[in-house]
Trainee: 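Please see the structure below; I have some questions.
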2 protein chains.
Amino acid sequence: MESADLKRLGLKVTHPRMKILELLETSEARHMSAEEVYKALSNAGEEIGLATVYRVLTQFETAGLVIRHYFENGRISVFELAETAHHDHLLCVKCGKIIEFSDNIIEERQKVIAEQHGFSIKDHCLYIYAECTDYKNCEYYEQYLQNQ
Amino acid sequence: MESADLKRLGLKVTHPRMKILELLETSEARHMSAEEVYKALSNAGEEIGLATVYRVLTQFETAGLVIRHYFENGRISVFELAETAHHDHLLCVKCGKIIEFSDNIIEERQKVIAEQHGFSIKDHCLYIYAECTDYKNCEYYEQYLQNQ
DNA sequence: ATGTATGCAAAACATTTGCACCTGG
DNA sequence: CCAGGTGCAAATGTTTTGCATACAT
């Protein structure tokens, strides 16, 4: 992603926007809340206000650059770079690990179901909540506990 | 649903609890926010505090009596009686109409996908956002506009 | 009687907004 | 230069909580 991409979207290439984009691209976590983005930038010495983080992420969402998720139980929303193709999510409720997947059979059935009811499908989200086999040894577990 | 059911769940049979349960059972809307429940009760002359509505609905959720949904875009959650079997939701983004459906093929695929990743599935939710063919004449449209 | 529930008001929480100042093109 | 972007603080909307009172058993 480069400054030209922002320009193309009609957004000025500002420092906060570039830094947020950069973070989303380089961060290990593919899904981050506004607060997490804010803190990560803060830790990196970037003084970018939380309000700006929200504004920029919302603009990116509108521009189709990021996807915003409202995972169940969570009042907070998380953002993900929209660089990859559509996918759904499989989440471990114990360690917070998130697996992305895509299944043609499910996608196809959804279309059929919508049609059967006379609806034209615009969007959908499928979240599978599960337990991974070995969450205690999972790389995410410790970090997850901290956030609880 | 009767007072015995509440007792069985270890909940005292109080006036607010009975009224909320009654409302969820008799209301036309199968999905209601806490605020909507509060207002409906208020209109019916019941003086039940909003905090109580939240507390009771949360207890009902814990007891498995109701299901709480966090529909996309919505910061508010809606509650639904858990009396019927599991189902997913097809929502019209124009009029707010909600269709409940269940599809064995989708359910089955989810199990397979979870297993493939070594996860044991606990729960899931699938929301399909769509447009219904004739939302302007839809019975829900007017009411929906008011709430916007 | 006593442990639980309730109502109210205040707090908490994520998110948005108003406004004065700053900055990219 | 100036429209648009930013930071801060204040506002918002939903949900939760503390506490004194009321109620179910």
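The chains referred to below are lettered A, B, ... by the order of the sequence lines, with proteins before strands, and numbering in each begins at 1. Excluded from the calculations below are hydrogen atoms, water molecules and symmetry mates; all remaining heavy atoms, backbone and side chain alike, are included.
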Trainee: Identify, between B/L50 and A/G49, the residue whose nearest nucleotide on DNA chain D lies closer to the 5' end.
Mentor: A/G49

Trainee: Protein within reach of the bases, or only the backbone? For nucleotides 18-25 of chain D, mark each nucleotide 5' to 3' as B, S or -, using heavy atoms under 4.0 Å.
Mentor: B-----BS

Trainee: Can a donor-acceptor pair be found between the side chains of B/E46 and B/H15 at a distance below 3.5 Å?
Mentor: yes

Trainee: Round to a whole Å and report the spacing from CG of A/L9 to C1' of D/dG5.
Mentor: 16 Å

Trainee: NA contact type, A/S77, heavy-atom cut-off 4.0 Å: base, sugar-phosphate, or nothing?
Mentor: sugar-phosphate

Trainee: Under 3.5 Å, side chain of A/H124 to main-chain N/O of A/K122, donor-acceptor pair present?
Mentor: no

Trainee: With no hydrogens and no angle check, do the side chains of A/E107 and A/H86 hold a donor and an acceptor under 3.5 Å apart?
Mentor: yes

Trainee: Given atom OH of A/Y38 and atom P of C/dC13, what is their separation to the nearest angstrom?
Mentor: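 Rounding to the nearest Å, OH of A/Y38 and P of C/dC13 are 16 Å apart.
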
Trainee: Give A/E47 one of three labels, base, sugar-phosphate or nothing, depending on what nucleic acid heavy atoms sit under 4.0 Å from its own.
Mentor: sugar-phosphate

Trainee: Find the distance A/L6:CG to D/dG4:C1' and express it as a whole number of Å.
Mentor: 14 Å

Trainee: Quick check on C/dT15: is either OP1 or OP2 less than 4.0 Å from any side-chain nitrogen or oxygen of A/Y54?
Mentor: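 Checking A/Y54 against C/dT15: at least one side-chain N or O falls below 4.0 Å of OP1 or OP2.
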
Trainee: Checking B/R17 now: which residues fulfil salt bridge (charged side-chain N to carboxylate O under 4.0 Å, His left out) with it, not counting sequence neighbours?
Mentor: none

Trainee: Is there a side-chain contact between A/K7 and A/V13, using heavy atoms and a 4.5 Å cut-off?
Mentor: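 The answer is yes; the side chains approach within 4.5 Å.
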
Trainee: Five pairs at each end of the helix from C/dA1-D/dT25 to C/dG25-D/dC1: take the axis at both ends and give me the angle between them to 10°.
Mentor: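 End axes: 30° apart.
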
Trainee: Quick check: do A/E100 and A/L90 have side-chain heavy atoms less than 4.5 Å from each other?
Mentor: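 In short, these two side chains do not touch, never coming nearer than 4.5 Å.
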
Trainee: Rounded to the Å, how far apart are A/R75 CZ and C/dA14 P?
Mentor: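 So the CZ-P distance, A/R75 to C/dA14, works out to 11 Å.
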
Trainee: In whole Å, I'd like the distance from the CZ atom of B/R68 to the C1' atom of D/dT14.
Mentor: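 Atom-to-atom, B/R68 to D/dT14, this comes out as 10 Å.
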
Trainee: Could you give the CD-to-C1' distance, from A/E35 to C/dA12, as a whole number of Å?
Mentor: 13 Å

Trainee: Starting at CD of A/Q59 and ending at P of D/dA3, how long is that distance when rounded to a whole Å?
Mentor: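 One finds 18 Å between P of D/dA3 and CD of A/Q59, rounded.
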
Trainee: Could you tell me the separation between the CD atom of A/E61 and the P atom of C/dT16, rounded to a whole number of Å?
Mentor: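 Roughly 9 Å, once rounded to whole Å.
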
Trainee: So B/H89 and B/H69, would you call those rings parallel, tilted or perpendicular, with 30° and 60° as cut-offs?
Mentor: perpendicular

Trainee: What closest approach, in Å, do B/F101 and A/I113 show between heavy atoms, and which atom pair accounts for it?
Mentor: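 Taking B/F101 first and A/I113 second, the nearest heavy atoms are CE1-CD1, 3.6 Å.
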
Trainee: Which pair of heavy atoms, one from B/C125 and one from A/Y129, lies closest together, and at what distance?
Mentor: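 Scanning both residues, the minimum pair turns out to be SG-CE1, 4.0 Å.
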
